[in-house]
Engineer: 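Can you read through this structure? Questions will come right after.
For the numbers below, each heavy atom of this structure counts, side chains included, while hydrogens, waters and symmetry mates do not. Numbering starts at 1 and runs along the sequence shown. If you're wondering where the values come from, they're calculated on a predicted model, not measured in any experiment.
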Amino acid sequence: MTFPHPIKGVVFDMDGLLCDTEVVYRDSMMEEAAAHGRELPFSVIKKMIGLPSIASDAVAAEHFGPGFDMAAWDAGVTARVKVRLDAGVALKAGVIEILDLLDFLRLPRAIATSSSHRSVATHIGHTGIT
């Protein structure tokens, strides 16, 4: 494959590309919604992907409607996510191989994410790729 300009570096998104955290959040949100007697379809979750938490919460609040206890839902989702993250998040297939190739080609790389540094450390710190 030819590119119109020489590649000088590569920037990776973290969640959903380097590691499979989107599944962690999706399952945690759906389970917590069910624990509150509500349903959270994947079509709503897709609108939340990639948003900062305040914007994501606004999507959920609109879906659940007035009177829904968002604070309790957030706390429950956070607890479920923590349990899953503490168990370890898998890197996506091919991540190590592409990073090895970039090392071989001596191309710098970076992670761009809307997640906090703490989330980066929790999600992929154990893998050694940071």
Engineer: Under 4.5 Å between side-chain heavy atoms, counting indirect links through other Ile/Leu/Val/Met/Phe/Trp/Tyr residues: same cluster for Y25 and V120 or not?
Structural biologist: no
Engineer: For K92 and L17, which heavy atoms make the closest approach, and how far apart are they?
Structural biologist: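 So the two residues come closest at CG-O, 3.1 Å.
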Engineer: Do L91 and I111 share a hydrophobic cluster, counting only Ile, Leu, Val, Met, Phe, Trp and Tyr and linking them when any side-chain heavy atoms are less than 4.5 Å apart?
Structural biologist: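 Shared cluster, yes.
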Engineer: Honestly curious: do I124 and V23 fall in one hydrophobic cluster under the side-chain, below-4.5 Å linking rule?
Structural biologist: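 Hydrophobic grouping puts I124 apart from V23.
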Engineer: Please list, one pair per line, the donor and acceptor atoms closer than 3.5 Å that link side chains of residues 41-68 to other protein atoms, with sequence neighbours excluded.
Structural biologist:
residue	atom	partner	partner atom	Å
H63	NE2	E39	O	2.8

Engineer: May I ask whether V89 and I129 are part of the same hydrophobic cluster, defined by side-chain heavy atoms of I, L, V, M, F, W, Y residues being less than 4.5 angstrom apart, directly or through others?
Structural biologist: no
Engineer: Scan the side chains in residues 69-87 for donor-acceptor partners under 3.5 Å anywhere in the protein, sequence neighbours excluded, and list what turns up.
Structural biologist:
residue	atom	partner	partner atom	Å
D69	OD1	A71	N	3.3
D69	OD1	A72	N	3.1
T78	OG1	D74	O	2.8
R80	NE	E32	OE1	2.6
R80	NH1	E31	OE1	3.3
R80	NH2	E32	OE1	3.2
K82	NZ	D86	OD2	2.6
R84	NH1	S28	OG	2.9
R84	NH1	E31	OE1	3.3
R84	NH2	E31	OE1	3.2
R84	NH2	E31	OE2	2.6

Engineer: Please set out all donor-acceptor pairs under 3.5 angstrom arising from side-chain atoms of residues 94-110, sequence neighbours excluded.
Structural biologist:
residue	atom	partner	partner atom	Å
D103	OD1	R109	NH1	2.8
R109	NH1	L99	O	3.2

